[in-house]
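Working notes for the structure below.
Each ligand, and each atom within it, is numbered from 1 in the order the structure gives.
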Amino acid sequence: MPEAPKSGEAESIAKQGIRAWGRSGYSLAAIGDLARRTLPRPVFDFADGGAEDEYSLCRNEAAFAGHELLPRPLNGAADRDLSVELFGRRLALPVIIGPTGLSGLFWPGGEIAAARAAASAGTAFCLSHGSTCTIEALAATGVAPRWMQVFVYRDRGLTRAFVERAAAAGYDALVLTTDNQLLGNRERDIRNGFSIPPSFTALQILGMTGKLPWLLRMRRELGRITFANYAKPGETVELAAIAGRMASLLDPGLSWRDVDWLRGLWKGPLLLKGILHPLEAAEAVPRGIDGLIVSNHGGRQLDGVPATLDALPAVAAAIDGRIPVLLDGGVRRGGDVVKALSLGAVACLIARPQLWGLAVAGEAGVARVLDILRRELDRALGLMGITRLAELGPDCLRSVRESLPPDRIR
Ligand SMILES: Cc1cc2nc3c(=O)[nH]c(=O)nc-3n(C[C@H](O)[C@H](O)[C@H](O)COP(=O)(O)O)c2cc1C
């Protein structure tokens, strides 16, 4: 397992990172640009890309531009409370780090670094099934709240083992991802010849002089990176072998029966991730699901599905406040969080931006990403005249579609 940088180390890396981004790491998009310059193209594209024509990927971000904020500054919002209560815990920020497989490809011990940044910011971190550290290794750091993301496999015993390990390691919530039972067709990865673990031709390495810091940082890691949760204790598992097997492990027959089974297995909060349809959302409530994540997997799975922000209002209406609805996909600004919460989400998750933060400065980079979002959200609320997140609602927004001809909407 790759080792996460120790705390002191992280601080010095932080300083290096901050020096490295200088005046350019002022927004999530700017940190994304730095990550683009830091990472080899196939690695950057692995995170950045979506499925097929990337329609849904593009729509996720663009949908936020389809809404304008309607401020009421005379409300006088001198003090703003950004905290939100979720599953009995108060988070300092309505932004959670979503699950991303292979975060350790972006920074040594990437998952642990990102989880530490989330905990310091007072928010939750969701570990991916495909993490490069184990469920137990992340738990051993004591970061909290920590959530665990799982799949349903053809071999239900494998799913059961993940769930039991998460329970034994004290995870606070379980997230079942429902939109990944067949692997998306990610054409950038095909074009770049991206493989797991990444391997580069001599010619590619020659063209990578600008990527030298990443190569040096990762030189000891690359050969060792693995989907750590799939290795039995004491066993080393070839990453390429697991990656190849992954498609056959997943069960495309996933259904509500499996959700019921999982509900019986996991006693804590259980969330479904990948919900877009209001009927599916409504079905989750009588089945005892505790929360939904409106998600299209960042446009990486079924291309052609709606932007998550566009799908959110119907899902929120179907749920009608009975369980929390969260949203991910394209959240890049504090103002985006305001829009998602106004349309019915209680919190958002971010995925790519935390990978960009990791690529630039590890834990400090993710801390920077969260801090930018916190400051942007706080400023937006202050200018909107909003004191508490619960005050946000559809009356805080105006749809751009009401005023612009369709060809003027991104
Ligand atoms: C590199 C990468 C790996 C991901 N791995 C997982 C995963 O293992 N499990 C999962 O449920 N979602 C995974 N996702 C999807 C994210 O959790 C999330 O739904 C989506 O990326 C959110 O959109 P955003 O990247 O625009 O913030 C991954 C996304 C990326 C970019």
Quiz prompt | Distance-only donor-acceptor check, side chains Asn60 and Asn296, under 3.5 Å | solution =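 Their side chains do contain a donor-acceptor pair, which is all the 3.5 Å distance test asks for.
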
Quiz item: Just checking, any donor-acceptor pair under 3.5 angstrom between side chains of Thr387 and Arg80?
Solution: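 No donor-acceptor contact under 3.5 Å links the two side chains.
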
Counting heavy atoms only, which part of [X] comes closer than 4.0 Å to ligand 1: side chain, backbone, both or neither?
X: Gln149; result: side chain
X: Leu355; result: side chain
X: Gln301; result: neither
X: Ala351; result: both
X: Thr100; result: both

To the closest 0.5 Å, what do you measure between [atom1] ([X]) and [atom2] ([Y])?
X: Phe106; Y: Phe44; atom1: CZ; atom2: CZ; result: 9.0 Å
X: Leu174; Y: Gln149; atom1: CG; atom2: CD; result: 9.0 Å
X: Ser248; Y: Arg154; atom1: OG; atom2: CZ; result: 7.0 Å

Would you mind finding which of [options] brings a heavy atom closest to [atom]?
atom: atom 30 (C) of ligand 1; options: Arg300, Arg352, His129; result: Arg300
atom: atom 16 (C) of ligand 1; options: Gly98, Gly274, Cys126, Pro99; result: Pro99
atom: atom 12 (N) of ligand 1; options: Lys273, Arg332, Arg186; result: Lys273

Quiz item: Does Gly330, backbone or side chain, put an N or O under 3.5 Å from an N or O of ligand 1?
Solution: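 Yes, Gly330 has an N/O under 3.5 Å of an N/O on ligand 1.
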
Quiz item: Under 3.5 Å between some N or O of ligand 1 and some N or O of Gly101?
Solution: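 Right, the criterion is met.
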
What residue and atom, counting heavy atoms only, is the protein's closest point to [atom], and at what distance?
atom: atom 20 (C) of ligand 1; answer: Gly298 N, 3.4 Å
atom: atom 11 (O) of ligand 1; answer: Thr177 OG1, 2.7 Å
atom: atom 23 (O) of ligand 1; answer: Gly329 CA, 3.4 Å
atom: atom 18 (C) of ligand 1; answer: Asp328 OD2, 3.2 Å
atom: atom 8 (O) of ligand 1; answer: Ser128 OG, 2.7 Å
atom: atom 15 (C) of ligand 1; answer: His297 CD2, 3.5 Å

Self-check item: Close-contact set for ligand 1 against Ala47 heavy atoms, below 4.0 Å
Solution: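 Heavy-atom distances to Ala47 below 4.0 Å select 1 (C), 31 (C).
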
Self-check item: Close-contact set for ligand 1 against Ser295 heavy atoms, below 4.0 Å
Solution: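 Checking each atom against Ser295, I get 19 (O).
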
Quiz item: Is it true that atom CZ of Arg257 has more than 12 heavy atoms of other residues, nucleotides or ligands lying nearer than 6.0 Å?
Solution: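 Result for CZ/Arg257: open.
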
Practice problem: Take atom CZ of Arg165 as the centre, draw a 6.0 Å sphere, and report whether it contains more than 12 heavy atoms from other residues, nucleotides or ligands. | Solution: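 For Arg165, atom CZ is crowded (more than 12 foreign heavy atoms under 6.0 Å).
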
Quiz prompt | Closest approach of Glu54 to Asp303 (non-hydrogen atoms, all atoms of both residues) | solution =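 So the minimum-distance heavy-atom pair works out to N-OD2, 3.2 Å.
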
Quiz item: Taking all non-hydrogen atoms of both residues, which atom of Leu312 and which atom of Leu343 are closest, and how far apart?
Solution: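 Heavy atoms only, the tightest pair is CG-O, 3.6 Å.
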
Exercise. With side-chain hydrogen bond (donor to acceptor under 3.5 Å, both in side chains) as the test, would you mind laying out the steps for Ser24 and Asp33 before giving the verdict?
Key: CA-CA 9 Å; Ser24 37; Asp33 278 347; over 6 Å; no

Self-check item: Aromatic Phe125 / basic Arg146 pairing, under 6.0 angstrom, 45° off normal
Solution: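 Because its charged atom misses either the 6.0 Å distance or the 45° angle limit, Arg146 does not stack over Phe125.
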
